[in-house]
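Each chain gets a letter, A, B and so on, in the order the sequences are listed, and its residues count up from 1.
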Amino acid sequence: MAFSAAEAAMPEGPSIVILKEAARQFEGRTIAAASGNSGGIDFAALPGQPLLAVRSWGKHLLLELPLFSLRIHLLMFGSYRINERKPDAVPRLALRFAEGGELNFYTCSVRQIAEALDTVYDWRVDVMADAWEPRLALRQLRAKPQMLACDALLDQNIFSGVGNIIKNEVLFRLRIHPLSKVKDIPATKLRELVKQARQYSFEFKQWKQASVLKQHWLAHTRRICPRCRIPLQKAHLGLTRRRSFWCERCQKRYDSAARPASVANERKQ
DNA sequence: CAGTTTGTTTTGCT
DNA sequence: CAGCAAAACAAACT
């Protein structure tokens, strides 16, 4: 049976999985009317096409149709309404179905994908996918030894679906300093990083669905370290310059260049 | 009320 | 041309 859903923005991978599950009520239904202010979309071709499948890859929501697919990316501020409309907002994409129901997307990027989705997307890098391959993520990390931990987690080709919140929480949970280089992180720790990228994403989803996500944040937007009670650091780190929250005391900065003070002093002479 | 940002693509500079 | 920085998008929150 149909149900409505409204969503404020929090568009990391888990939120897109929640959206996918909600949008699946329309699978098998036929588009009756389509409109929106997105450029590059052949709206006239949409009516009459059945929605074959609703899929997702990281932060992408994918609507698979017989002639092409639609890719919706909520970016930072995107939102949607299912079986209802956002008052005073113009949808980027609005779909009405012949059997009833409607799907509306706002302030997002909508693109048409001509190729088969299985040729466009590598499902193995989506941290929430059944096809997720942690070993592939490890291999890709080892290929980028100089990359910082805070940048690595945000790399959508390695950890598709991980966003800034998940980044901060995973690093805090594992006690890894965001400025640690991949090559300096011990193998065991690196494997944990890969494992937690997925693990935390599923917890994020559960918490979000229970409307208790924010209260579970330990580092993101927090001022005090919940473990050692000292003030958390806050800065825009890495190539991505995204906001990082971390504890200088309990997150270890793995650094092969660092040496004990005694050694450093000897070399000075 | 001004400032900030859960993300990505595009533009433009050095 | 590579590499990087800034802009653009625009809404909800502090």
Check: Where does the angle between the aromatic ring planes of A:Tyr121 and A:Trp123 fall among parallel (under 30°), tilted (30 to 60°) and perpendicular (over 60°)?
Finding: tilted
Next item on the list: Report, as yes or no, whether the 6.0 Å neighbourhood of atom NZ on A:Lys183 holds more than 12 heavy atoms from other residues, nucleotides or ligands.
Entry: yes
Margin query: Expressed as a whole number of angstroms, how long is the span from A:Met76:CE to C:dA12:C1'?
Written below: 11 Å
Next item on the list: Using atom NZ of A:Lys234 as one end and atom P of B:dT5 as the other, report the distance to the nearest whole Å.
Entry: 6 Å
Next item on the list: Find the distance A:Leu153:CG to B:dT6:C1' and express it as a whole number of Å.
Entry: 15 Å
Notebook entry, point to check: Is the NZ or CZ atom of A:Lys86 both under 6.0 Å from the centre of the six-membered ring of A:Tyr106 and within 45° of that ring's axis?
Noted result: yes
Check: Can you tell me how far P in B:dT4 sits from the matching atom in C:dA6, rounded to whole Å?
Finding: 15 Å
Item checked: Distance between P atoms of B:dT9 and C:dA12 (Å, rounded) -> 23 Å
Check: C:dC13 P sits how many Å from A:Leu213 CG, rounded?
Finding: 13 Å
Check: Which is true for A:His236 with a 4.0 Å heavy-atom rule: it touches a base, it touches only sugar-phosphate, or it touches nothing?
Finding: sugar-phosphate
Checklist line | Selected nucleotide, minimal atom distance to A:Gln156 side chain, candidates B:dT6, C:dA10, B:dT8 | finding: B:dT8
Check: Taking for each residue the nucleotide of DNA chain C with the nearest heavy atom, is it A:Arg92 or A:Arg241 whose nucleotide lies nearer the 5' end?
Finding: A:Arg241
Margin query: Please enumerate all residues that pass salt bridge (charged side-chain N to carboxylate O under 4.0 Å, His left out) together with A:Glu248, with sequence neighbours excluded.
Written below: none
Margin query: So, OP1 or OP2 of B:dG7: does either fall under 4.0 Å of a side-chain N or O from A:Arg242?
Written below: yes
Notebook entry, point to check: Within this structure, what is the OH-to-C1' distance between A:Tyr80 and C:dA11, rounded to whole angstrom?
Noted result: 16 Å
Check: Pairing of DNA chain B as dot-bracket, 5' to 3': ( ) intra-strand, [ ] crossing, | other strand, . unpaired, with Watson-Crick or G-U pairs under 3.5 Å?
Finding: .||||.||||||||
Notebook entry, point to check: Closest to the A:Lys214 side chain: B:dG7, B:dT9, C:dC13?
Noted result: C:dC13
Check: Taking the six-membered ring for Trp, are the ring centroids of A:Trp207 and A:Phe202 within less than 6.0 Å of each other?
Finding: no
Item checked: Of the listed nucleotides B:dT5, C:dA12, B:dT9, the one nearest the side chain of A:Lys86 -> C:dA12
Check: A:Leu75 has an atom CG; how far is it from atom C1' of B:dT9, in whole Å?
Finding: 9 Å
Check: Looking across every strand, which nucleic acid part, if any, lies under 4.0 Å from A:Arg243 by heavy atom: base, sugar-phosphate, or nothing?
Finding: sugar-phosphate
Item checked: Euclidean distance, atom CD1 of residue A:Ile165 to atom C1' of B:dG7 [Å, nearest integer] -> 12 Å
Checklist line | Nearest-nucleotide 5' precedence on DNA chain C, A:Thr107 against A:Leu239 | finding: A:Leu239
Margin query: With a 4.5 Å cut-off on side-chain heavy-atom distances among I, L, V, M, F, W and Y, is there a chain of contacts connecting A:Leu93 to A:Leu61?
Written below: yes
Margin query: Without decimals, in angstroms, what is the distance between A:Asp151 CG and B:dG7 C1'?
Written below: 14 Å
Check: Would A:Arg92 count as a cation-pi partner of A:Tyr80, with NZ or CZ less than 6.0 Å from the six-membered ring centre and within 45° of the ring normal?
Finding: no
